[in-house]
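Whatever order the structure lists them in is the order used to number ligands and atoms, beginning at 1. Values below: every heavy atom of this structure, side chains too, minus hydrogens, waters and symmetry copies. What you see is a predicted model; the values in this text were computed from it and never measured.
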Amino acid sequence: MPTLTIFSSVPDQAAPSVPDAGSRPIPAVLGADLQVPVKGGRLVGYANLDYAASAPCLEPVNAAVAAALPAYSSVHRGAGYASQLTTARYEQARHTVRAFVGARPDDAVIFTRNTTDATNLLARCLPAGTTTVVFDTEHHASLLPWPKSVRLAPPAFPGEAVRAADEALAGIDGPKLLVVTAASNVTGELWPIAALAHIAHRHGARILVDAAQLVPHRRLNLTALDLDYVAFSGHKLYAPFGAGVLVGRGDWLAEGEPYLKGGGAVRTVGDVAEWHDDPEPRHEAGTPNVLGAIALAAACDALTATGWTALVREEERLLARLRSGLASVEGVRELALWGDDHPRVGIVSFTVAGYPAREVAEALSSEYGIGVRDGKFCAHPFVRHLLEAPDGGGSGRDHENDGGCADGTASAVRASIGIGTTQEHVDRLIEALRDLVSR
Ligand SMILES: Cc1ncc(COP(=O)(O)O)c(C=O)c1O
């Protein structure tokens with residue numbers, strides 16, 4: 001199809017070319033000096049290489065929570081000064097998130113518990129009969145919530161993703177939603193979300209972008225990319241206080257059943273309840289996680305103040321070192337869908353020939369003080385696909401604790417980096433792997 005050839009090479013970047021206003025030094029994270037025990041009883045500095053699961057807390061996030069706590073009080077329901085202050089901080093957090101993702105003025109910003117909660121919220125608000133188109137490469141949070149879905153095989157290259165979405169959407173009548181992750185939690189690879197948004201809209205569909213692994217690493221501009229919805233979690237964005245968000249078009253959300261039924265979502269209650277049709281109160285019944293929202297917003301502010309140019313430059317330097325180091329260790333194979341040169345964030349999954357992933361992860365922890373993740377990273381179909389590739393090299397069994405996502409088959413190890421990662425952490429991982437495979 002000639003109109004699609006423009007999408008067949010390198011994908012669009014999630015960050016459009018808007019000037020980068022930040023200029024503050026990269027903030028520190030809490031726990032940078034954490035000492036952990038290793039075999040023999042020694043203590044070593046913890047090398048946290050598990051940011052894609054949950055990132056450590058930024059110091060400015062900690063400070064924002066500490067500043068809010070002395071006046072902490074009820075939200076949206078108190079006349080007292082502390083209640084008003086807490087309510088103002090909560091609503092300010094909403095504005096901050098709106099600006100952080102470049103949302104349209106009339107987009108809803110709904111605080112949720114996490115990304116999984118956000119995708120499930122949207123799933124409950126889909127117009128009747130909506131068909132969702134989703135790739136098998138998705139995290140379970142974006143793969144599973146949909147009442148009716150068409151699943152697409154992992155595409156061989158970015159243009160194939162656009163072509164497959166185009167074909168699938170063309171064959172669907174009625175309301176449709178395309179769901180795609182902006183940056184893979186398995187390979188770190190960036191997806192061509194602007195091109196996918198374009199295709200979705202050409203077919204009268206909407207697009208939800210799972211930005212859980214993008215926003216800690218790259219600027220996202222929902223308006224410039226013409227996305228309908230984005231979802232992400234605070235705990236991956238250096239704000240470990242249990243909040244996430246769904247941002248996007250208000251109409252489906254205003255029509256959908258209130259996510260939780262109770263105070264805050266209801267306008268009046270007589271014999272029947274009259275619900276708010278403003279999506280934010282409608283879907284935020286009960287007392288919200290105000291500290292989570294404040295923390296999430298503080299993380300957005302801290303990243304913006306630092307500026308993406310500096311953040312991306314440092315991450316790319318460490319990621320290049322990590323990837324070339326892994327490639328130099330015999331038997332270590334990086335998992336990738338779209339090849340070595342495809343743009344990606346600081347997430348690398350790999351296998352070690354002959355060594356079960358769990359054993360590798362345990363040895364890294366107990367002998368070297370390195371924290372990584374092993375398993376299938378709650379992306380079973382995708383990891384299985386990568387491991388079954390001729391050079392996938394999957395070995396060992398899932399352990400039972402893979403975020404509740406173990407299925408007892410071969411799995412991989414994942415190292416992920418971010419603010420606070422040092423060159424020593426990266427080098428220690430490479431040397432530890434070299435040591436392990438030489439035994
Ligand atoms: C791409 C992606 N989407 C969704 C999720 C789910 O996030 P949460 O556990 O915060 O709901 C994750 C978490 O690993 C993820 O990496």
Among all the protein's non-hydrogen atoms, which is closest to atom 14 (O) of ligand 1, and how far away is it?
Lys236 NZ, 2.7 Å

Pairing of Glu316 and Arg218 as salt bridge, 4.0 angstrom limit
yes

For atom 15 (C) of ligand 1, the option (of Arg113, His139, Glu138) bearing the nearest heavy atom
His139

Could you list the atoms of ligand 1 found under 4.0 angstrom from a heavy atom of Ala141?
4 (C), 6 (C)

Heavy atom of the protein closest to atom 11 (O) of ligand 1 (residue, atom name, distance):
Thr116 OG1, 2.5 Å

Quick note on ligand 1: atoms under 4.0 Å from a heavy atom of Ser233 include exactly 7 (O), 8 (P), 10 (O)

Per side-chain contact (heavy atoms from CB on, under 4.5 Å), Phe377 is matched among Thr187, Ile347, Val383 by Val383

Between Arg24 and Glu59, does any NZ, NE, NH1 or NH2 come within less than 4.0 Å of an OD or OE carboxylate oxygen?
no

Nearest protein heavy-atom contact for atom 16 (O) of ligand 1: which residue, which atom, what distance?
Gln213 NE2, 2.7 Å

Under a 3.5 Å cutoff, is there a donor and acceptor pairing between the side chains of His198 and Asp226?
no

Side chain, backbone, both or neither: the part of Asp210 lying under 4.0 Å from ligand 1 by heavy atom
side chain

With a 4.5 Å heavy-atom cut-off, do Leu49 and His425 have their side chains touching?
yes

Knowing that exactly one of Arg414, Arg373, Glu138, Lys236 qualifies, which makes a side-chain contact (heavy atoms from CB on, under 4.5 Å) with Asn185?
Arg414

Can you find an N or O of Ser142 that's nearer than 3.5 Å to an N or O of ligand 1?
no

